[in-house]
Protein chains: 2
Amino acid sequence: MASQAELLIRPHGRATPARRRVLEVLLGAAHAMSHAEIEAELETDVCPDRVTLYRVLDWLVSKRLAHKIAGDDRAWRFNAVAADGHGHAHFHCTRCGQVYCLSELQPAFAFSLPPGYRFDSAELTIQGLCPRCSEAA
Amino acid sequence: MASQAELLIRPHGRATPARRRVLEVLLGAAHAMSHAEIEAELETDVCPDRVTLYRVLDWLVSKRLAHKIAGDDRAWRFNAVAADGHGHAHFHCTRCGQVYCLSELQPAFAFSLPPGYRFDSAELTIQGLCPRCSEAA
DNA sequence: AATCAAATGCAACCAACTTGCACATTCGAG
DNA sequence: CTCGAATGTGCAAGTTGGTTGCATTTGATT
């Protein structure tokens, strides 16, 4: 019985324990996770090494299974990519610093690039207060 | 005769040589500049110290005179803020890593946040190839 | 010109991330 | 099943970008 993570990984390369667990954690996360958060979530026996985690995450990103977003604390946050990848918006809470993935939100952009620029993808980041901080404020 | 930089700075605080020169450099830049690029642009007598530059940049950002954007090399890039600040789009070249400011581009977003989220501002980042890299590709 | 809050310069520090290399694992071929 | 080459992993040490604490200097108000 192969996990969802394994099914996602196999077409791209080896399904190692580290990759499986990391992707499982990301798939189950409600928000984008920092390296440290992911590390804390992992069992000690899987991936006892920070470096491996960095490499696993980079690999997932390179295979488009995860997204890498820059927070304002100069550390990366990661989240599993559900399906397509286009038009996917992020919400950054300016109070707690957390980044939430608004996968339901399919913003309608309308713009045209200046001549010479070649379009690949676009990402919308919305700043504000998350529900929890909005409550507390 | 006060420079444009000085006029922008004075309402917020002291117009020191470091602040003046840094803002001048940013105002004259065609794209978002990294700390190192700015440092290289400065005369050696103004701001001989990395730390001061960091502080000047943070100060400019805190006064909304500059923008701070995260590149994919975990270093910040800065650019002078022209006027308003809302709806201002960035173009990130995936080949050379440069970030260009598309100030003319006023994208029309249409979205509604899930309940509980409080909106403050939004930023659109477009990925692709810049004119120079597009040419070379 | 005197004053003092605000800014600077220095030196040390820190955390996030990378690199190089030896060792272990995966998984497909036989 | 088992063997082996390609692929990952683990460790130690290094690099980079950014920060902190504190003594000294400086801008602009009086």
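Throughout, a chain's letter reflects where its sequence line sits, starting with A, and its residues are numbered from 1. Since this is a predicted model, take the numbers as computed values, not measurements.
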Fill in: All ring pair (Phe, Tyr, Trp, His ring centres under 6.0 Å) counterparts of B:Phe78, not counting sequence neighbours
none
Fill in: B:Phe91 and B:Tyr100 aromatic ring geometry - parallel, tilted or perpendicular at 30°/60° bounds
tilted
Worksheet item: Quick one: are B:Asn79 and B:Val99 in side-chain contact, heavy atoms under 4.5 Å?
Response: no
Practice prompt. Using the heavy-atom set of chain A and a strict 4.0 Å cut-off, write down the first and last nucleotide of DNA chain C that makes it in, 5' to 3'.
Written response: C:dA16 to C:dG28
Discussion item. Using side-chain heavy atoms (C-beta onward) and a distance below 4.5 Å, is B:Asp58 in contact with B:Trp76?
Written reply: no
Discussion item. Contact between B:His35 and B:Leu53 at the side-chain level, heavy atoms closer than 4.5 Å - yes or no?
Written reply: yes
Item to complete: Quick one, give me the B/S/- string for nucleotides 17-30 of chain D, reading 5' to 3', where B means a protein heavy atom under 4.0 Å from the base and S means that only happens at the primed atoms, P, OP1 or OP2.
Response: BBBBB----BBSS-
Fill in: Cluster overlap B:Ile69 with B:Leu102, hydrophobic side-chain contacts below 4.5 Å
no
Practice prompt. Using a heavy-atom cut-off of under 4.0 Å over every strand shown, decide if B:Ala36 touches base, sugar-phosphate, or nothing.
Written response: nothing
Worksheet item: Heavy atoms, side chains only, cut-off 4.5 Å: are B:Arg19 and B:Lys63 in contact?
Response: no
Distance-only donor-acceptor hits, side chain of residues 21-29 of chain B, under 3.5 Å, sequence neighbours excluded:
| from | atom 1 | to | atom 2 | distance (Å) |
| --- | --- | --- | --- | --- |
| B:Arg21 | NE | B:Glu43 | OE1 | 2.8 |
| B:Arg21 | NH1 | B:Glu24 | OE1 | 2.7 |
| B:Arg21 | NH2 | B:Glu43 | OE1 | 3.4 |
| B:Arg21 | NH2 | B:Glu43 | OE2 | 3.0 |

N/O donor-acceptor pairs under 3.5 Å from side chains in residues 125-137 of chain A, not counting sequence neighbours:
| from | atom 1 | to | atom 2 | distance (Å) |
| --- | --- | --- | --- | --- |
| A:Gln127 | OE1 | A:His92 | ND1 | 3.2 |
| A:Ser134 | OG | B:Arg118 | NE | 3.3 |
| A:Ser134 | OG | B:Arg118 | NH2 | 3.1 |

Discussion item. Five pairs per end, C1' atoms only: what is the angle between the end axes of the helix from C:dA1-D:dT30 to C:dG30-D:dC1, to 10 degrees?
Written reply: 30°
Item to complete: For the residue pair A:His90 and A:Arg77, establish whether any side-chain heavy-atom pair is separated by less than 4.5 Å.
Response: no
